[in-house]
2 protein chains.
Amino acid sequence: MFKLNTCLVLFNENSIPLKSNFNDKQIQILEVAETLFAEKGFDGTSIRNIAKVAKINIAMVSYYFGSKERLLESLIVYRTSDLKNQLENLLLEDLEPIEKINKLIALYINRINSNRGIYRILHYEFTSKKREQNLQAFSELKKGNLKSLETIIEEGQKKGIFRKDVIIPLITPTILGTFFHFHMNKPFFENLLNLKTEDLYNNYIKTNLTKHIQQTIKALLIYES
Amino acid sequence: MFKLNTCLVLFNENSIPLKSNFNDKQIQILEVAETLFAEKGFDGTSIRNIAKVAKINIAMVSYYFGSKERLLESLIVYRTSDLKNQLENLLLEDLEPIEKINKLIALYINRINSNRGIYRILHYEFTSKKREQNLQAFSELKKGNLKSLETIIEEGQKKGIFRKDVIIPLITPTILGTFFHFHMNKPFFENLLNLKTEDLYNNYIKTNLTKHIQQTIKALLIYES
DNA sequence: AAAAATATTAAACACTTGTTTAAATTAAAC
DNA sequence: GTTTAATTTAAACAAGTGTTTAATATTTTT
């Protein structure tokens with residue numbers, strides 16, 4: 001009588017995303033959900049809320065995704081499926097380690113800033129034990145990203161450019177945490193730094209904030225105390 | 001017939017907290033609310049939920065705080081009222097600038113880590129426009145904290161120890177953001193760094209994470225490129 | 001064009017939400 | 001000890017929650 005189309009990304013044995021076959025209607029729902037989840041949180045957003053904005057019937061969410069929880073899962077898959085590849089391509093480029101780090105930072109910040117919604121959601125919907133099940137795929141992504149960073153830094157250490165007493169897993173928190181904390185306090189910094197328009201705000205992130213993070217990580221990796 | 005005791009902190013013209021006169025019952029409710037809000041978010045926590053854990057009647061929240069929203073306001077007041085003083089005392093200590101910075105970082109991390117709940121709540125319940133009203137008092141706190149940091153860094157710059165091309169308002173995001181991002185991804189790092197018990201986790205924050213942040217900020221402030 | 005599969009709908013489901021009420025209990029004041 | 005005030009309670013309130021159902025409309029396949 002009816003078909004429940006899960007449409008999740010398929011993974012092979014090496015967990016490389018093969019395809020994410022969401023149809024137009026699903027994508028429409030996903031993008032509305034992304035906006036609302038980011039604005040008001042997962043629990044703060046109701047299905048009726050999503051349906052109204054997306055101009056669909058409330059039953060369509062269950063029909064296309066099964067449940068609200070699985071809508072969130074699908075959203076993560078939809079948004080994180082190609083970051084891995086981008087990072088792996090960066091590794092292969094012919095650049096000095098510090099340049100790779102700078103590019104990695106710029107890539108992270110730009111990517112997160114233009115997919116603001118989903119990363120904000122990831123940043124704090126997945127802390128509670130309740131959602132730890134969904135966390136599996138996300139955890140794999142994070143491990144892969146860390147591996148890429150590790151490769152670059154170890155390369156720099158071998159060349160004698162980077163110091164060896166840094167705790168590599170803590171560098172990601174510094175990069176991403178700086179961005180998130182800035183963005184989480186958007187109204188505060190808009191006011192403090194006179195970033196009256198959305199353009200000014202985004203530009204500040206793309207230039208000053210990115211530069212600050214690059215400067216910080218470079219100093220951390222190179223400075224001899 | 002009944003008295004509605006708001007019990008908010010009183011501010012004088014200089015917005016210095018005079019006293020926060022919550023009674024025992026209110027504090028009991030506040031601390032349960034803090035735990036639950038931090039665990040499951042504001043919207044994810046129901047009054048019945050709080051009442052059950054705190055072993056009180058559900059009407060008591062409205063009775064003592066007026067509403068769920070005002071319970072959150074009270075919680076913020078209850079938890080943030082003495083940080084300002086601690087920072088101002090640090091400024092007066094007779095220490096080298098870099099030592100002051102290190103102490104400020106340790107103070108921040110320790111304080112946030114032992115009041116984990118409320119800061120986690122502040123970190124992401126106050127981003128949505130919806131709660132911007134409550135944001136006023138919190139914004140004042142942040143401005144004060146920034147002022148303290150600025151004083152220390154400018155002192156170091158005058159002494160010729162610190163470089164002058166750092167963007168001071170972005171240092172707080174690096175300090176706090178690093179901690180928060182680490183803490184937000186607790187399950188991930190517990191697994192990655194083998195922090196099996198709560199003690200091991202807390203100890204890692206108190207030693208390694210704090211050291212990493214101090215090392216990072218020191219490098220940023222001192223390193224000449 | 002007929003049949004089958006898919007998409008969409010409004011209505012109902014059972015349940016949870018924050019808040020209020022009015023009665024019952026306990027504590028304080030006189 | 002009686003009266004007044006403060007606290008606590010169970011019950012009810014209207015509104016909102018995620019999900020399911022069965023009927024209808026649309027599209028695709030034969």
Side-chain angles (χ1 to χ4, degrees), chain A residues 1-8 21-37 39-76 121 125 128 130-131 133-134, chain B residues 1-8 21-37 39-76 121 125 128 130-131 133-134:
Chain A
M1 230 10 107
F2 76 99
K3 191 197 122 213
L4 205 152
N5 185 3
T6 57
C7 277
L8 290 174
N21 48 350
F22 295 107
N23 65 40
D24 292 359
K25 204 104 224 172
Q26 286 178 304
I27 289 174
Q28 176 196 355
I29 297 170
L30 284 171
E31 296 192 339
V32 169
E34 181 178 29
T35 311
L36 294 180
F37 287 166
E39 245 174 52
K40 323 199 293 172
F42 181 77
D43 291 314
T45 306
S46 71
I47 290 188
R48 280 165 183 80
N49 217 322
I50 296 169
K52 198 171 189 178
V53 177
K55 283 167 192 157
I56 50 147
N57 187 277
I58 53 162
M60 299 307 286
V61 171
S62 293
Y63 179 73
Y64 275 123
F65 299 97
S67 69
K68 191 189 175 190
E69 200 81 22
R70 302 225 303 179
L71 169 63
L72 178 59
E73 286 183 52
S74 298
L75 182 52
I76 289 155
I121 295 161
E125 288 301 344
S128 66
K130 175 174 106 186
R131 297 205 216 292
Q133 355 151 17
N134 318 33
Chain B
M1 230 11 107
F2 76 100
K3 190 196 121 214
L4 205 153
N5 185 4
T6 57
C7 278
L8 289 175
N21 49 349
F22 295 107
N23 63 40
D24 292 357
K25 203 103 221 171
Q26 286 178 306
I27 289 174
Q28 176 196 353
I29 296 171
L30 284 171
E31 296 194 338
V32 169
E34 180 179 31
T35 311
L36 294 180
F37 287 167
E39 245 174 53
K40 323 199 292 171
F42 181 76
D43 291 313
T45 306
S46 71
I47 291 188
R48 281 165 182 79
N49 218 322
I50 297 169
K52 199 171 187 179
V53 177
K55 284 168 192 156
I56 50 146
N57 188 277
I58 53 163
M60 299 308 286
V61 171
S62 292
Y63 179 73
Y64 276 123
F65 299 97
S67 69
K68 190 187 173 190
E69 200 82 21
R70 302 226 301 178
L71 170 63
L72 178 59
E73 287 182 51
S74 299
L75 182 52
I76 289 155
I121 295 160
E125 288 302 343
S128 66
K130 172 175 110 188
R131 300 206 214 290
Q133 355 152 16
N134 319 34

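Chain letters run A, B, ... following the sequence lines, proteins first, then strands; residues in each count from 1.
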Measure from the side chain of A:Ile47, starting at C-beta and using heavy atoms only, and say which of D:dT8, C:dT19, D:dG18 lies closest. D:dG18
Between D:dG18, D:dT19, C:dT20, spot the one nearest the side chain of B:Ser62, thanks. C:dT20
Going by side chain to side chain contact (heavy atoms under 4.5 Å, CB included), A:Phe37 matches just one of A:Asp43, A:Val32, A:Ile50. Which one? A:Ile50
Distance (rounded to the nearest 0.5 Å) between B:Leu30 CG and B:Lys25 NZ: 13.0 Å
Take the protein atom OH of B:Tyr64 and the nucleotide atom P of D:dA6, then report the distance between them rounded to whole Å. 11 Å
Taking atom C1' of D:dT9 as reference, at what distance in whole Å does atom NZ of B:Lys55 sit? 18 Å
Both conditions, 6.0 Å and 45 degrees, for the charged tip of B:Lys68 above the ring of B:Phe42: are they met here? yes
Donor/acceptor link under 3.5 angstrom from A:Arg48 side chain onto base of D:dG16: no
Output the rounded distance in Å from CG (B:Leu72) to P (C:dG18). 13 Å
Calculate the interatomic distance between B:Asn23 atom CG and C:dT26 atom C1'; express it in whole Å. 15 Å
Closest to the A:Tyr63 side chain, choosing from D:dT21, D:dT7, C:dT8: C:dT8
Under 3.5 Å: donor-acceptor pair, side chain of B:Thr45, backbone of B:Leu36: yes
Taking atom P of D:dT17 as reference, at what distance in whole Å does atom CD1 of A:Ile50 sit? 11 Å
Minimal heavy-atom distance between A:Asn49 and A:Lys40, with the atoms involved, is ND2-NZ, 2.7 Å
Rounded distance (Å) that lies between atom P of C:dT9 and atom CG of A:Asn57: 5 Å
B:Gln28 side chain to B:Ala54 main-chain N or O, any donor-acceptor pair under 3.5 Å? yes
Separation of D:dT7 atom P from B:Met60 atom CE, nearest Å, is 8 Å
From NZ of A:Lys52 across to C1' of C:dT9 the rounded distance in Å is 17 Å
With five pairs defining each end axis, the helix from C:dA1-D:dT30 to C:dC30-D:dG1 comes out bent, to 10°, by 10°
